[in-house]
Every structure is written in C-alpha cells, then in structure tokens.
Amino acid sequence: MRWCVVGRRGDGWSLVDVGADGAVGTALPVGDADLPSAIADRERTRAPRWVWCDTPHVYAPLLGAGVRVARCHDLRLVHQILRHAAAVGAGPAASALRSAAEWNAPPRAAPAPPAATPGAPTLFDDEVAAAPEPGGVPESIDAALAEFERQRAALAAAQPSSGLARLIAAESAGALVAAELTAAGLPWDADEHDRILAAALGPRPPLGVKPERMQQIGADVRRHLDAPDAPLDSPPRLLRVLRAAGIEVASTSRWELREHEHPAIAPLLEYKKLSRLLTANGWTWLDDWVHDGRYRPVYVPGGVVTGRWASSGGGALQIPRMLRPAIRADPGWVLVSADVAQLEPRVLAAMAGDRAMAAAGSGKDLYAGIVESGAVATREEAKYAVLGAMYGATSGEGGRLVPRLRRAFPAAMRLVDDAAERGAAGGTVSTWLGRSSPAPDAEWNAAQAAASLPGASARDEALARRLARERGRFTRNFVVQGTAAEWALCWLAELRTRLAGLDPVPADRAARASGPVFARRPHLAFFLHDEVIVHAPLAQADAVSSAVEESARAAGRLLFGSTPVEFPLDLRASERAEKS
DNA sequence: GGTCAGAGCGCG
DNA sequence: AAAGCGCGCTCTGACC
C-alpha cells in the first residue's frame, strides 16, 4: 500500500488505500471528529502518501489537532502542473486530465485574519463543513479517486526523463510546509515592533490622527511648497501642487522626485516612506496579524505562474527589512536564518551546464567570481549584467553589459536567449523539472495575427513586436525563476524531513504558541523565495544549522545530480533573525 | 452604498 | 542613473 486517498463521503470522511499497481482497497468510513486520530494511526503504522483534494483545507485542522504527516499528494496543485506540462503530451491520458475542468480551480478563499482568541473555526465545525468556501476543487472521495487515477495515467504517459514526478512530490511537500508555517507562526516581538514604529513615526496616535512625525514632516513639505493645504496622500492632486511649485515631474514616484533639486523633495520622500510604513505595517497590521507572540500569514504554494509561492493576507512576502528585528525567538529558543547567495544565476549555471559560470560561483560570491573571470570590472557591474541577462534588459546599465556576459558565459546566455526566442514566437517553455509556462492568451495571438495580415498598419506591427518582446522577457525569466523555485521547494522538503527527525525537548521548555505539533520541536517559521528561518530550542542550534546546510546540498543533488555548481548559504543562529 | 483600475512601494 | 522579471497590499478617485 503506497497511497491513502482522503475525501468526503456523506457527513463524514472516507479513507481508501490505493496500491502501487493502482488497486483500490475498501473504503473506511470515518466521522468528522475521528479523522485526526484515524490519520495519526495510519501515519504511525503504515506512513502512506496521503492523497487529498486541497492541503490547507484538510491539513490545517489536523495540525490543530496535533497530527503531522510526512508526505502527501495535493490533487489541486498537481492538477495545475500536469494540465499545462508539455512533458505530459497530448495523448488520451492528458486529454482526460485536461477535460476535468472542475479541478482547474484557484485555492479556496483566504481565511480572515486570525481571531484574537485561539480556537478558530475548523473544518470539523458543522458550520464550515456545511458551507465550503467557493472557488475550491471537489472534495468527495469519488471525485478524488477519479482525479487521482487521471493524474497517475497522465504521469505514466509523460516523458520518462521529465522531472514531473519529483516536481509533484516537491510541490505537495511545499503545501505541507505552507500549512505548517501558518500553524507554527513566526515568533514576533510586538513590543519591539512598536518601538520601531515609535522611533520612526512617534507614539501611536488615536484612531484617525496622523502620527506626530508625519504631521511635522508634512508641515515642512507644505511650507517648502508654499501650499498650506497640499494633499500629500493623493498622487494626482499632489502632482498638480508639485508642478505649480515649479517641480517638473510626470509622476510622484520616488525615483523621479529624487532627480529634482528643491527643498520640498527631501521631506516629501521621508513623508512617503513613513506613510508607507504606517499604512502597510503599522499598528493596525500589528493588531490584525500578530497574536500570542506569533505572526501567522497565509502562504499560497504555486500561487505564481513560475511556481513561486504567493501570499494572501498578512503580506508575508513583503515584510520590510526595517521590521526584521521584531522577529525574535522565544526564551530558551533560537532562530536559525539562512538565505542562498545569488540563487537564480547559480540555478541558471547548473541548468545550462555552464562550466565557466560554475567556476565563477565556486566561492561564496558569484558576482566577485564574475569580476575575477575578467568579464566585467566591478561587482556592481557583474550584478547588473546578471540581472539584465535574466530579465532581458535592452538598455541602461544592464543592456550595455549583457553582451560581455554573452562572451564570458555562452552556454548560460544561450539558455535564456533560447527561452526568450521561443516565448516571443508564441511558444511555451519549461522549468528544469517540467513546469510549463502558460500559452499566450487570445489577445496576444490576435495582435500577432493582425500584424501579419497584408494590410497591417505600422501601429499593428509595432504593437505586435512590443507584445512579442514582452512575452520573450517573461519566458526568459520563467525558466530561471521557476527552476529556482523548484530548488527552494526541494530545500524546504529536505529540511522539513530532517527537522522532524530531531528529538523533542521536555515539556517545560516548550514554545507553546507554536501549536501542539511544534511546541517541543524545531520548526520552519518563515520562507521567502530563497531564505528560511527555523525556530529551534537553543540546545539544537547546531543540529539545525547542519540540517539547513545539508538540505541545501541535497536540493542541488536532487535537481541536478552531480553538478559543479555550488549553492552556498549565508547562515546565522541568534535570538533575533536580524540585527536591529 | 459598492466595485475597480491605477499609482506607488514593499519583497525576492 | 534607472529599465528589465515575478508578486501583494493600501489608498485614491472614478464609476455604478
């Protein structure tokens, strides 16, 4: 028995074993209240790969009940991958999968910010079970079994060399990690957050009152503009006031304002910075998202076309660096933070088998290595050249430097240039493990068709060329960003498994706010594209640091086998994730 | 009363 | 000095 499919039947649940040969076992009915213990029992005795419709929907309540599982297969996420994957081909298995439109659904609506009191409603509450959120995939056991069979058939029909099997395992592991990150939460020092806000904005004002510092700086701006009522919070109205004051700008954005000499500019930029801090991550955000010493954002695995995660609620992917000092371990615990140095160019070097680029990255700093190779003169140039190569820069610093990179690293550049060419021609591209880019939409195709007609106008042709170039830049970046996301998923999955193997600490040293599954164990607390933070008991700091390093090496091997490309980490263990 | 696109800026 | 990928969130102002 390899798999156990979980789905709804009647008022409760049904568990159905599926063997390696696809043989379907007898259904075991389980009531709502008994699902956590039924899953925990099987996890202990047989450890199947759990097959379910939508991980957050099923797994979040399990975590709340103290149940962790090792492996799953998320039918919704896997469907999204297989539906578009070029490696699946166009045979009957692929057609059957693609015609199951009900599985081509976005994740369920994000839950509201967590309630101030613990014990938020769960799947097992009658109310929630009776009225599932709209937008989700089917959840019945019959629908799940049928879809699982379609997916197995589609995968069997895929090119054997494709990485799809690894991709869907990694994607599903990511779904488990995402649910666990929300359940455990990121340890957040609300007092430190308040201190940072107060240092920048002044003390917390009453509702509807602007913070002291914003009032002062706003007054400075208005004085310098000679406009006592200048509306600083409305870009279109502010723009008119600026132009009236002789500042010739086309927008009120920072990069344009910075180019002008006027006494109002400096305080205005400062005002905008403070305004951003207040509205995006001020006291209201703190009230909404931090409870019980934990920040619990909602992550959306696979939420970006490239395979990166998105977030929905809480803004997990946009925490400003100036608030990072508020990330603080519980007493007796420590934060192990790690990020990969230049993940995307390293991934590109490995994909392309570019030996020169691999050699340049053999130290800790790929950009320094590129300077040593003689391709460019300074580290800054190396950075702009590499970003320009991956994003498709045509002008500016990046555009100027890319040709030099093309001479120094021809294999790597050929890979991204080919991806751009295919995209510009309306084709699709795929990541290393086989996630394919979406096909062009109808509007794009129509524009290309219009430009190729005999009577096409110059405007039609210009539009078609611009759209083709834009799509080329997208597919150019897709292969790199998407494969980097796959590396990160493998890193997460490996790390999650290693952390689960470490011994729990005694109950008197528990971090209770991390929830029943993680209170006594090191656990992932944060993930952002190429960085992780693990919250760990102090005594396990070294073991966790080793696990983070080992997982990074394992991720490189899992994707690329034996490659000369290294994926070095910046790693530190301390009470705070970042110095204040 | 509500929805919606754009501007602007935070992150990688 | 500023153009080149992928996002989410908040605010504003136009609109129904």
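First the proteins, then the strands, lettered A, B, ... as listed; each starts at 1.
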Q.
With hydrogens left out and only the distance checked, is there a donor-acceptor pair under 3.5 Å joining Arg308(A)'s side chain and the base of dG12(B)?
A. yes

Q) Below 4.0 angstrom from OP1 or OP2 of dG8(C), is there any side-chain N or O of Ser312(A)? A) no

Q: Taking only the side-chain heavy atoms of Pro320(A) (C-beta and beyond), determine which of dC5(C), dC11(B), dG13(C) contains the nearest atom.
A: dC11(B)

Q: For the residue pair Gln342(A) and Asp365(A), confirm or rule out a side-chain donor-acceptor distance under 3.5 Å.
A: yes

Q. Any sub-3.5 Å donor-acceptor pair from Thr483(A)'s side-chain atoms to Val480(A)'s backbone N or O?
A. no

Q) Could you state the CD-P distance from Glu256(A) to dA2(C), rounded to the nearest angstrom? A) 10 Å

Q: Over 60° means perpendicular and under 30° means parallel, so classify the ring planes of Phe527(A) and His529(A), tilted if in between.
A: perpendicular

(Q) At 4.0 Å (heavy atoms only), tell me whether Ile319(A) reaches a base, stays on the sugar-phosphate, or touches nothing. (A) sugar-phosphate

Q: Taking Ser275(A) for its side chain and Lys272(A) for its backbone only, find out whether a donor-acceptor pair lies under 3.5 Å.
A: no

(Q) Strictly distance-based, threshold 3.5 Å: is any side-chain N or O of Gln448(A) a donor or acceptor partner for the main-chain N or O of Ala464(A)? (A) yes

Q: Please check if the side chain of Trp188(A) supplies one atom and the backbone of Arg328(A) the other of a donor-acceptor pair under 3.5 Å.
A: no

Q. Could you give the OH-to-C1' distance, from Tyr295(A) to dC11(B), as a whole number of Å?
A. 11 Å

Q: Kindly assign one of parallel, tilted or perpendicular to the pair Trp285(A) and Tyr295(A), based on the angle between their ring planes and the thresholds 30° and 60°.
A: tilted

Q.
A quick test of your reading: do over 12 heavy atoms of other residues, nucleotides or ligands sit less than 6.0 Å from CD of Glu421(A)?
A. no

Q) According to a strict under-4.0 Å criterion, is Thr252(A) in side-chain N/O contact with OP1 or OP2 of dG8(B)? A) yes

Q. Separation of Arg473(A) atom CZ from dG4(C) atom P, in whole Å?
A. 6 Å

Q: Mind running a 4.0 Å heavy-atom check of residues 525-532 of chain A against DNA chain B and sending the residues that fall below it, in number order?
A: Leu528(A), His529(A), Asp530(A), Glu531(A)

Q) Any N or O donor-acceptor pair linking the side chain of Tyr384(A) to the base of dA3(C) at under 3.5 Å? A) no

Q: Go through residues 268-286 of chain A and report each residue with a non-hydrogen atom lying under 4.0 Å from DNA chain C, sorted by number.
A: Arg276(A), Thr279(A)

Q: Please report, rounded to the nearest Å, how far the C1' atom of dA1(C) is from the CD atom of Glu261(A).
A: 15 Å

Q. Within the structure shown, what part of the strands sits under 4.0 Å from Gly399(A) by heavy-atom distance: base, sugar-phosphate, or nothing?
A. nothing

Q.
Using whole Å, what does the distance between atom P of nucleotide dG6(C) and atom CZ of Phe474(A) come to?
A. 6 Å

Q) To the nearest angstrom, how far is Glu470(A) atom CD from dA3(C) atom P? A) 15 Å

**Q.** Six-ring centre of Trp444(A), Arg471(A) cation under 6.0 angstrom, axis tolerance 45°
**A.** yes

Q: Between Gly315(A) and Thr306(A), name the one whose nearest nucleotide on DNA chain C is closer to the 5' end.
A: Thr306(A)

(Q) In the structure I gave you, are the side-chain heavy atoms of Arg496(A) and Glu180(A) within less than 4.5 Å of one another anywhere? (A) yes

(Q) My validator wants the stems of DNA chain C: runs of 3 or more consecutive Watson-Crick or G-U pairs, both distances under 3.5 Å, written as range with range. (A) B:1-12 with C:5-16

Q: Name the closest nucleotide to the Asp233(A) side chain, picking from dA2(C), dT12(C), dC11(B).
A: dT12(C)

Ignoring hydrogens and angles, write down the donor-acceptor pairs under 3.5 Å from the side chains of residues 227-240 of chain A, residues two or more places apart or on other chains.
unit_1, atom_1, unit_2, atom_2, d
Asp233(A), OD1, Tyr271(A), OH, 3.0
Asp233(A), OD2, Lys210(A), NZ, 2.8
Asp233(A), OD2, Tyr271(A), OH, 3.3

Q) Given that Arg258(A) and Gly314(A) both sit by DNA chain C, which one's nearest nucleotide is further toward the 5' end? A) Arg258(A)

Q: Round to the nearest Å and state the distance from Met214(A) atom CE to dC11(C) atom P.
A: 11 Å

Q) What's the CG-P distance between Asn477(A) and dG12(B), to the nearest Å? A) 16 Å

Q.
Check the phosphate of dG10(B) against Arg321(A), side-chain N and O only, distance under 4.0 Å to OP1 or OP2. Yes or no?
A. no

Q. When you look at Arg195(A) and Glu192(A), which way does the salt bridge (charged side-chain N to carboxylate O under 4.0 Å, His left out) test go after all the steps?
A. CA-CA 5 Å; Arg195(A) 279 191 288 276; Glu192(A) 177 65 18; 3.0 Å; yes

(Q) Taking atom types as they are modelled, would you say the side chain of Gln318(A) forms a donor-acceptor pair with the base of dG8(C) within the 3.5 Å cutoff? (A) yes

Q: Compare the minimum distances between each of dT12(C), dG4(C), dC7(C) and the side chain of Ala393(A), then state the nucleotide with the smallest one.
A: dG4(C)

Q) Do Ser430(A) and Ser436(A) have side-chain N/O donor and acceptor atoms under 3.5 Å apart? A) yes

Q.
Less than 4.0 angstrom between a side-chain N/O of Ser395(A) and OP1 or OP2 of dA2(C), yes or no?
A. no

Q. Can you tell which of dC9(B), dC7(C), dA7(B) lies closest to the side chain of Ser253(A)?
A. dC9(B)

Q.
Expected output is a numbered-order residue list: members of residues 403-420 of chain A with a heavy atom under 4.0 Å from any atom of DNA chain B. What is it?
A. none

**Q.** Gln481(A) versus Thr306(A), side-chain donor and acceptor atoms under 3.5 Å
**A.** yes

Q: Would you classify Val305(A) as touching base, sugar-phosphate or nothing, given that sugar-phosphate means primed atoms plus P, OP1 and OP2, and contacts are heavy atoms under 4.0 Å?
A: sugar-phosphate

(Q) Looking at dG10(B), I'd like to know if its phosphate oxygens (OP1 or OP2) sit under 4.0 Å from a side-chain N or O belonging to Arg254(A). (A) yes

(Q) Any base atoms under 4.0 Å from Glu344(A), or only sugar-phosphate, or nothing? Heavy atoms, all strands. (A) nothing

Q: Classify the nucleic acid contact of Tyr299(A) as base, sugar-phosphate or nothing, counting any heavy atom under 4.0 Å across all strands shown.
A: nothing

Q) What residues, two or more places apart in sequence or in another chain, satisfy side-chain contact (heavy atoms from CB on, under 4.5 Å) together with Thr55(A)? A) Trp52(A), Tyr59(A), Cys72(A), Asp74(A), Ala175(A), Leu176(A)

Q: Kindly indicate whether the side chain of Glu494(A), heavy atoms from C-beta on, has any atom under 4.5 Å from the side chain of Arg553(A).
A: no

